[in-house]
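Reviewing the structure listed below.
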Amino acid sequence: MQIHDTPTLKAEARNLNFYYGEVKALKSINMPIYDKKVTALIGPSGCGKSTYLRSFNRMHDLYPGNRYEGEIRFYPDNTNLLSPEVDPIEVRMRLGMVFQKPNPFPKTIYENVAYGLRVRGENNSRVLDDKVEQALRGAAIWDEVKDRLQEMAPNLSGGQQQRLCIARALATDPELLLFDEPTSALDPIATGAIEELVHELKKRVTILIVTHNMQQAARVSDYTAYMYLGELIEFGKTDEIFIKPQDKRTEDYITGRMG
Amino acid sequence: MNESQHLSSQFDDELSRLRTHVLQMGGLVETQVSAAIDAYSTGEIASVKTIVETDRKVNDLEKAIDDDCAHVIAKRQPTASDLRLILGISKIVTDLERAGDEAKKIAKGVRRIYENGHLPGQYGVGVRHLAEAALTMVRQALDAFARLDTPQAANVIRADTDVDAEFKSIIRQLITHMMEDPRTITTSIDIIWIARAIERIGDHAKNISEQVVFIVEGRDIRHTKEKAN
């Protein structure tokens, strides 16, 4: 299947380097992220894919000694997410993140989703109710939890918790969703539900997903980036990467030839 | 094409077994075609039976290889060059099986001709030459597959044009014969069927070569003017 439309840019890494202290973890990454598309980051452990993902919402700022060089341009306003003048809190308002292990707050289902809105100063209970319902519907978990919104979130199953975390991320209308191996702790059924959800979500939000599961990258993404030792080796349409990759290193990785 | 080893040596074994089976099947088809041509030249119709029997083995191999392809897809979810190899193989075996069918048709046509008399001498050379060209194409296509050799595949694709032209010229000759002497019509029609089968064998060899290009380079050159380099 060909992707015919010319995609617009949502974000773009330009000569991005990243250092954990002295260690250079990302090496001049140049890569587009297309609007309302799913981009998968694949590569062996330690290749820098999570480091790259976490650069977008400035998670590395939390530790001293970490250092960025280069830019991540965010469109349509052409903001450099990495600029020291840009407040990381502002950045995180526009980006949502979902982690490998579901990490609901030790609060009720309702409060988990409402939390981000309250932090942003929303206190009108009708608005909150609406937004919570929308987000839960968006994350395809509304029908399962609508009658138990006041129950504690950690009592949900793993797959439900993960969808709740997605709802929490959606509640604040992010422009870009970052998924860091969102299904590696889930069973195949829950994984299928999340993948289906990703497919739905891309109608309204851009998604960047790190995954160890190559078949998952092939199934859910429109574009795939293969990273190795901190470098971007190959970026292209998923259909092309999985049938005819251009670089031998990509080929070796996706065909299971890399030792 | 990627020659380095998979992390799973079992996967390597499965793929190499598949390739061996395809070559084994190709070898059988090659003998069928070659025996059919010999029968045409010599009138040795005893070999017709062997050709028909070989066809059963070819059919069984086709099914076995398709089955193995399905298993590899289900178990390994092959990607990139592995995926192209599996897709290519499953198309190649279809062409091989059909080439085998054509050899069977030649054999049966030969039996009809010789049972009704003998082959008029003037028909021999052109058809034999056509048949040799098609047989060479089959051999080269199998070689190209075995060595994943795209220049060789390109040779086969080019050769098909000559075979097609030669086939047309044989048909023209036969039409002339039939008009000159209507008593030759029955034999001429049998020979047309034989020439047609030979020409089809050339087409199958060409298809196989196109799959070799797809397996190696990921380019689909079917139904295009695009040539393998």
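The chains referred to below are lettered A, B, ... by the order of the sequence lines, with proteins before strands, and numbering in each begins at 1.
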Query raised in the report: Does atom NZ of A:Lys24 have more than 12 heavy-atom neighbours from other groups under 6.0 Å away?
Result: yes
Query raised in the report: If we only count heavy atoms from C-beta on, is the A:Asp252 to B:Ser4 side-chain gap below 4.5 Å?
Result: yes
Query raised in the report: In terms of heavy-atom contacts, does CZ of A:Arg92 have more than 12 from other residues, nucleotides or ligands at under 6.0 Å?
Result: yes
Query - OH/A:Tyr228: more than 12 non-hydrogen atoms of other groups inside 6.0 Å - result: no
Query raised in the report: Distance from A:Ile243 atom CD1 to B:Arg84 atom CZ, nearest 0.5 Å?
Result: 9.0 Å
Requested in this report: Looking only at non-hydrogen atoms, find the nearest pair between A:Lys244 and B:Gly218 and report the distance.
Outcome: CD-CA, 3.8 Å
**Report entry** Flag if over 12 foreign heavy atoms under 6.0 Å of CH2, B:Trp193
**Finding:** no
Query raised in the report: Which heavy atom of B:Thr79 sits nearest a heavy atom of A:Gln215, and at what distance?
Result: CG2-NE2, 4.0 Å
**Report entry** Over 12 non-hydrogen atoms of neighbours within 6.0 angstrom of CD in B:Gln10
**Finding:** no
Requested in this report: Verify, without hydrogens or angle tests, whether A:Glu251 (side chain) and B:Ser81 (backbone) share a donor-acceptor contact under 3.5 angstrom.
Outcome: yes
Query raised in the report: Just by modelled atom types, is the B:Leu7 backbone N or O under 3.5 Å from a matching donor or acceptor in the A:Arg257 side chain?
Result: no
